[in-house]
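The next block holds one structure in the form of structure tokens; read it before the comments.
Positions are given from 1, in the same order as the sequence printed here. The analysis underlying the following values was restricted to heavy atoms, covering all of them including side chains, and did not include hydrogens, waters or symmetry mates. Every number for a ligand or one of its atoms is a count from 1 in the order of the listing.
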Amino acid sequence: MAYATFRSIGAYVPKKILTNEDLATMVDTSDDWITKRTGIKERHIAAKEEFTSDMGVKAAELALLRSGLAKEEIDMVVCATISPDYFCMPSTATVISAKLGLKNVTAFDISAACTGFIYALSIAKAFIESGMKKNVLIIGAEKLSAITDYSDRGTCILFGDGAGSAVISATDNKAEAIIDVHTGADGEYADLLMTPNGGSGSAHDALEQESSSCFMQMKGNETFKVAVRTLTKDVVEILEENGIQSDAIKHFIPHQANYRIIKAVGDALKMKEEQVVLTVAKYGNTSGASIPMAINDIYESGRLQKGELMLLDAFGGGLTWGSALIPFSPK
Ligand code: COA
């Protein structure tokens, strides 16, 4: 049987920085309020002419380079995004494939909001274990600034732009294998976090819609409570099911939505401070890109070493959630 291994990581962050002080000049908020309620200090914002696919390409180029694979060896591209270049088609994964010069690939996007990277991971793992694919490039890329309402202080303080990417490859060495990936969803909570307009379910006539129709709307306080409850249950389950104690986790890498959510789940797992990876202060919430951006951060700082066990968890619109247990296995 083929196993799936997490072979390399890459990320890209756009240059422009939007600080809490900048936001305080745009809406009625303050650095103090945002820092206390979310842990976020700043986020990066893509240039107008910089598309989600452009950021995805930069992250993927790094992941490809670090994988040691030739681009001809990539046989599938999966992009997790809720801010695709185009509304319906082509998919951002196909745009990225073309920009990278990848031929003969299966390429598609998935929509699982902030859990997108974990969903992409589960898809790559399944395709590889079934023998259908050998080297899958997965990408989480978001230009959330394009779907953020900068007059809504309840949401605009949270989100940022960026991209992360990983190469998942086949191996026959079980010690290198991704141990487990959990994914879940409950559409009953759809209204907590959504872009209500702009799709075929929209109440408006497409021609009458304003440009603001695709902005995100969120019931922040309820989302917070469901996030803590659902994530805690899921990470406890994935550890129990695999007979792994939390002290065996070298890096707990949660979706970077809010420091208080991360802290609540980390405390429930009795994680020590040095186990928890935090990038929320400098990037904010970059949805599907946040986990690979965080993995890349500890990789580039030399904190992530071969064989070390990572626990990922994420939660997002849908609602969706997921977790993964992965030994880092670079070539
Ligand atoms: N600056 C100042 N005040 C703000 C504010 C801001 N940016 N946003 C909201 N407020 C105000 C509200 O209007 C409210 O005022 P009121 O008491 O006079 O009515 C007060 O702060 C409390 O609002 P509430 O929404 O209960 O705050 P909160 O503690 O829940 O914090 C969030 C708001 C959005 C930071 C928090 O709910 C959150 O992070 N939720 C999770 C969001 C998330 O992670 N979503 C993505 C999931 S992937």
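From the protein, the heavy atom lying nearest to atom 40 (N) of ligand 1 is G220 O, 2.9 Å. Regarding atom 1 (N) of ligand 1, its nearest protein heavy-atom neighbour is T29 OG1, 2.7 Å. Protein heavy atom at the shortest distance from atom 31 (O) of ligand 1 is W33 CH2, 3.8 Å.
Side-chain N/O atoms of D109 and T81 include no donor and acceptor closer than 3.5 Å. Using a 3.5 Å distance cut-off with no hydrogens or angles, the side chains of S83 and E142 do pair a donor with an acceptor. Looking at N285 and H255, their side chains do bring a donor and an acceptor atom within 3.5 Å of each other. A side-chain donor from one of T35 and K41 sits under 3.5 Å from a side-chain acceptor of the other. With 3.5 Å as the limit, one finds no donor-acceptor pair spanning the side chains of T5 and T171. A donor-acceptor contact under 3.5 angstrom links the side chains of D85 and S53, judged on distance only.
There is a protein heavy atom less than 4.0 angstrom from atom 9 (C) of ligand 1. By the definition of a contact as any protein heavy atom under 4.0 Å away, atom 28 (P) of ligand 1 is in contact. The presence of a protein heavy atom under 4.0 Å from atom 6 (C) of ligand 1 is confirmed. Protein heavy atoms are found less than 4.0 angstrom from atom 44 (O) of ligand 1. There is no protein heavy atom less than 4.0 angstrom from atom 18 (O) of ligand 1.
Near A257, meaning under 4.0 Å from one of its heavy atoms, ligand 1 places the atoms 44 (O). Those atoms of ligand 1 that come under 4.0 Å of a heavy atom in D28, given as number and element, are 1 (N), 2 (C). Atoms of ligand 1 found under 4.0 Å from any heavy atom of F315, numbered from 1 in the order shown, are 48 (S). For ligand 1, the atoms sitting less than 4.0 Å from at least one non-hydrogen atom of M218 are 34 (C), 42 (C), 43 (C), 45 (N), numbered in the order shown with element in parentheses. Taking every non-hydrogen atom of C114 and a distance limit under 4.0 Å, the qualifying atoms of ligand 1 come out as 48 (S). Proximity to R260 (heavy-atom distance under 4.0 Å) selects the following atoms of ligand 1: 29 (O).
Proximity of a side-chain donor or acceptor of S122 to a complementary backbone N or O of V181 within less than 3.5 Å is not detected. Within the 3.5 Å criterion, the main-chain N or O of I249 finds a donor-acceptor partner in the side chain of Q275. Within the 3.5 Å criterion, the main-chain N or O of F127 finds a donor-acceptor partner in the side chain of S130. When atom types are taken as modelled, the side chain of Y299 and the backbone of Q305 share no donor-acceptor pair closer than 3.5 angstrom. The backbone N or O of R7 lies less than 3.5 Å from no partner atom in the side chain of S169, so there is not a single donor-acceptor pair.
The nearest non-hydrogen atom to atom 26 (O) of ligand 1, considering only N20, N221, L193, L158, comes from N221. Of all the listed residues (M216, K36, R153), R153 holds the heavy atom that lies closest to atom 12 (C) of ligand 1.
Counting heavy atoms under 4.0 Å from ligand 1, residue I34 does not touch it at all. In T38, the part holding a heavy atom less than 4.0 Å from any atom of ligand 1 is the side chain. Counting heavy atoms under 4.0 Å from ligand 1, residue I157 touches it through the side chain alone.
Backbone and side-chain nitrogen or oxygen atoms of R37 are examined, and one is located within less than 3.5 angstrom of a nitrogen or oxygen of ligand 1. At a 3.5 angstrom cut-off on N or O pairs, N285 does not count as close to ligand 1. Remark: ligand 1 and H255 share no N or O pair separated by less than 3.5 Å (distance only, no angle test). Ligand 1 has an N or O atom lying under 3.5 Å from an N or O atom of N258, backbone or side chain.
Residue D54 is tested with K99, K143, K48 for a salt bridge (charged side-chain N to carboxylate O under 4.0 Å, His left out); the sole match is K99.
In this structure, L23 has no heavy atom closer than 4.0 Å to ligand 1.
Taking each heavy atom of S287 and I82 in turn, the nearest pair found is OG-CD1, 3.8 Å.
Counting only residues at least two apart or in different chains, salt bridge (charged side-chain N to carboxylate O under 4.0 Å, His left out) contacts with residues 65-78 comprise R66-E300.
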